[in-house]
Novice: 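Quick one: the structure is below, and I'll ask about it shortly.
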Amino acid sequence: TEANIERSQENVAQLRAVLASIRDDLQRGSRLTTSTDGIGVMAGIQQYISDYQQKAEAHTNEIGEAAPIELPENFAFGFERFFEEATPPENPEKALQLDQQRQILSYLLNQLIQSDPDAIESVQRELLEQPVEAGKERRGLKLGPAVSARVPGAIDTMAFSVTFTGYTSVLRNFLNKLAKPELPVVVRRIEVERPSGSETIAEPTPDDALSQLFGALDPNNDPSEPDPNAQAQEPVISENISRFTVIVEFIEIVLPDEADTEPSSDPV
């Protein structure tokens, strides 16, 4: 009936609006402009490594004092296999994926460096440029299907991991920066490794220790009478530097445009 057709059309319109909202949310932020030129992509990776080594060395704290960020030796920020030998990939699709990963890692590292970590210990990415052997999974960082938003033919993703050291405020600042809608990245997991003794109670000074040992010998001090002027000593908690690992996923919609899926209105 006409009423059923109208209700069906209204339902389709509502579903399309929901789909558009989901698509806009997943594709929030700036778009990446990637290249399939293998030689240019390798040059970009080499420049990326050099730039972030310099940024870590020239880093200053919030008051402008020199505070270099510690790095492992020959650190390449996720592109270690290209640190010495930068052979351009023959497959243009692989070159495009490498260029995309470089740009995403640049964004992540900019946010991390602005959060003032003490050291960056590890940067990992999915090794998409390596062929997958039959019956084996791809090497490198990999998120399981229970965690990843990847849906074949609909949503493509890239996983990244950064490990750094610093105080809790560094992690908090980093996560707050990632929450801004600049790139469609989602934090999947956070691992925290606190050193032993991360919560410590300040030891008493020598004078305090002597008074604790010999205070009862003072003839004017009656141990049965509490001292009204005495203040309860509160433990002094000092936060030590911790190691944090943050795993994020970059989300990209690969669904065809609605224009490509609309049935043709031309007569057959």
Side-chain angles (χ1 to χ4, degrees), residues 28-60 66-131 138-143 156-166 170 173-175 177-178 180-188 244-252:
R28 71 185 191 274
S30 58
R31 300 295 182 89
L32 301 178
T33 303
T34 54
S35 171
T36 57
D37 177 14
I39 296 177
V41 168
M42 286 297 103
I45 289 175
Q46 296 298 312
Q47 186 64 47
Y48 155 89
I49 296 172
S50 175
D51 286 347
Y52 283 96
Q53 286 179 340
Q54 293 177 13
K55 286 185 178 182
E57 178 64 27
H59 179 255
T60 58
I69 299 172
E70 295 182 19
L71 302 175
E73 187 177 358
N74 296 331
F75 195 53
F77 300 94
F79 290 95
E80 276 69 20
R81 67 185 304 261
F82 300 113
F83 185 77
E84 294 182 353
E85 183 180 354
T87 303
E90 297 179 359
N91 187 338
E93 180 65 24
K94 300 300 182 184
L96 184 147
Q97 291 175 335
L98 284 171
D99 196 30
Q100 190 176 25
Q101 287 184 322
R102 174 190 63 81
Q103 294 183 56
I104 298 168
L105 280 175
S106 295
Y107 167 74
L108 295 176
L109 289 170
N110 285 339
Q111 312 312 310
L112 179 57
I113 290 174
Q114 291 174 17
S115 301
D116 298 329
D118 283 66
I120 301 176
E121 297 187 347
S122 173
V123 176
Q124 296 184 54
R125 60 184 178 88
E126 292 185 81
L127 302 181
L128 301 176
E129 70 276 9
Q130 293 186 347
R138 190 186 303 276
R139 289 184 292 172
L141 181 64
K142 179 72 174 178
L143 292 182
D156 200 4
T157 66
M158 289 183 178
F160 302 89
S161 170
V162 292
T163 300
F164 56 94
T165 62
V170 176
N173 292 338
F174 183 46
L175 296 178
K177 292 178 183 298
L178 293 184
K180 297 178 180 179
E182 296 183 24
L183 275 185
V185 295
V186 179
V187 176
R188 289 301 183 197
F244 305 101
T245 298
V246 177
I247 299 174
V248 304
E249 193 172 34
F250 174 83
I251 297 176
E252 184 178 24

Novice: Taking everything shown except Gln114 itself, do over 12 heavy atoms lie less than 6.0 Å from its CD?
Specialist: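 Counting neighbours around CD of Gln114, more than 12 heavy atoms of other residues, nucleotides or ligands fall under 6.0 Å, so yes.
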Novice: Pairs of donor and acceptor atoms involving the side chains of residues 105-113, under 3.5 Å and at least two apart or interchain, shall be tabulated with distances.
Specialist:
{"residue": "Ser106", "atom": "OG", "partner": "Arg102", "partner atom": "O", "Å": "2.8"}
{"residue": "Asn110", "atom": "OD1", "partner": "Tyr52", "partner atom": "OH", "Å": "2.9"}
{"residue": "Asn110", "atom": "OD1", "partner": "Lys55", "partner atom": "NZ", "Å": "3.1"}
{"residue": "Asn110", "atom": "ND2", "partner": "Tyr52", "partner atom": "OH", "Å": "3.4"}
{"residue": "Asn110", "atom": "ND2", "partner": "Ser106", "partner atom": "O", "Å": "3.2"}
{"residue": "Gln111", "atom": "NE2", "partner": "Tyr107", "partner atom": "O", "Å": "3.4"}

Novice: Checking the side chain of Asp99 only, and the main-chain atoms of Ser35 only, is there a donor and an acceptor separated by less than 3.5 Å?
Specialist: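 Present.
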Novice: Please list, one pair per line, the donor and acceptor atoms closer than 3.5 Å that link side chains of residues 36-43 to other protein atoms, with sequence neighbours excluded.
Specialist:
{"residue": "Asp37", "atom": "OD1", "partner": "Ile39", "partner atom": "N", "Å": "3.4"}

Novice: Where the side chain of Gln46 meets the backbone of Phe82, is there a donor-acceptor pair that is under 3.5 Å apart?
Specialist: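 Yes, the answer is positive, given that a donor and an acceptor are paired below the 3.5 Å cut-off.
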Novice: Should we say atom CD of Glu80 is surrounded by more than 12 heavy atoms from elsewhere, each under 6.0 Å from it?
Specialist: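 Yes.
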Novice: Side-chain contact test, heavy atoms from C-beta onward, threshold under 4.5 Å: evaluate it for Met158 versus Glu252 and give yes or no.
Specialist: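 Met158 does not reach Glu252 side chain to side chain.
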Novice: So, taking the atom named CD in Gln103 and the one named CD in Gln100, what distance separates them when rounded to the nearest 0.5 Å?
Specialist: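 Gln103 atom CD to Gln100 atom CD measures 7.5 Å (nearest 0.5 Å).
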Novice: To check you understand the geometry: which heavy-atom pair defines the closest contact between Ile120 and Pro72, and what is its length?
Specialist: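 Minimum heavy-atom contact is O-CD, 3.2 Å.
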Novice: After noting the C-alpha distance and the side-chain angles of Thr87 and Arg81, does the key distance pass the side chain to side chain contact (heavy atoms under 4.5 Å, CB included) rule?
Specialist: CA-CA 10 Å; Thr87 303; Arg81 67 185 304 261; over 6 Å; no
Novice: Mind checking whether Gln101 and Phe160 have side chains closer than 4.5 Å, heavy atoms only?
Specialist: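 Yes, side chains in contact.
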Novice: Looking only at side chains, do Glu249 and Thr157 share a donor and an acceptor under 3.5 Å apart?
Specialist: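 Short answer, yes.
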Novice: Once you round to the nearest 0.5 Å, how far does CG of Asn173 lie from CG of Leu178?
Specialist: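 Spacing of CG (Asn173) from CG (Leu178) equals 11.0 Å.
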Novice: To check you understand the geometry: which heavy-atom pair defines the closest contact between Phe244 and Gly166, and what is its length?
Specialist: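 What the structure gives for the nearest pair is CE1-O, 3.3 Å.
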Novice: Just how far is it from atom CD of Glu70 to atom CD of Glu57, taken to the nearest 0.5 Å?
Specialist: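 Here the interatomic distance stands at 10.5 Å.
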Novice: Check Arg125 against Gly78 and note the closest heavy-atom contact, atom names and distance.
Specialist: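 Scanning both residues, the minimum pair turns out to be NE-O, 2.8 Å.
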Novice: Please report the closest heavy-atom contact between Phe77 and Gln53, naming both atoms and the distance.
Specialist: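 Looking at all heavy atoms of both residues, the shortest contact is CE1-N, 3.6 Å.
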Novice: Is the distance between the ring centroids of Phe174 and Phe164 under 6.0 Å?
Specialist: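 Close enough - the centres of the two rings lie under 6.0 Å apart.
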Novice: What residues form a side-chain contact (heavy atoms from CB on, under 4.5 Å) with Glu121, not counting sequence neighbours?
Specialist: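 Applying side-chain contact (heavy atoms from CB on, under 4.5 Å) to Glu121 gives Thr163, Thr165, Arg243.
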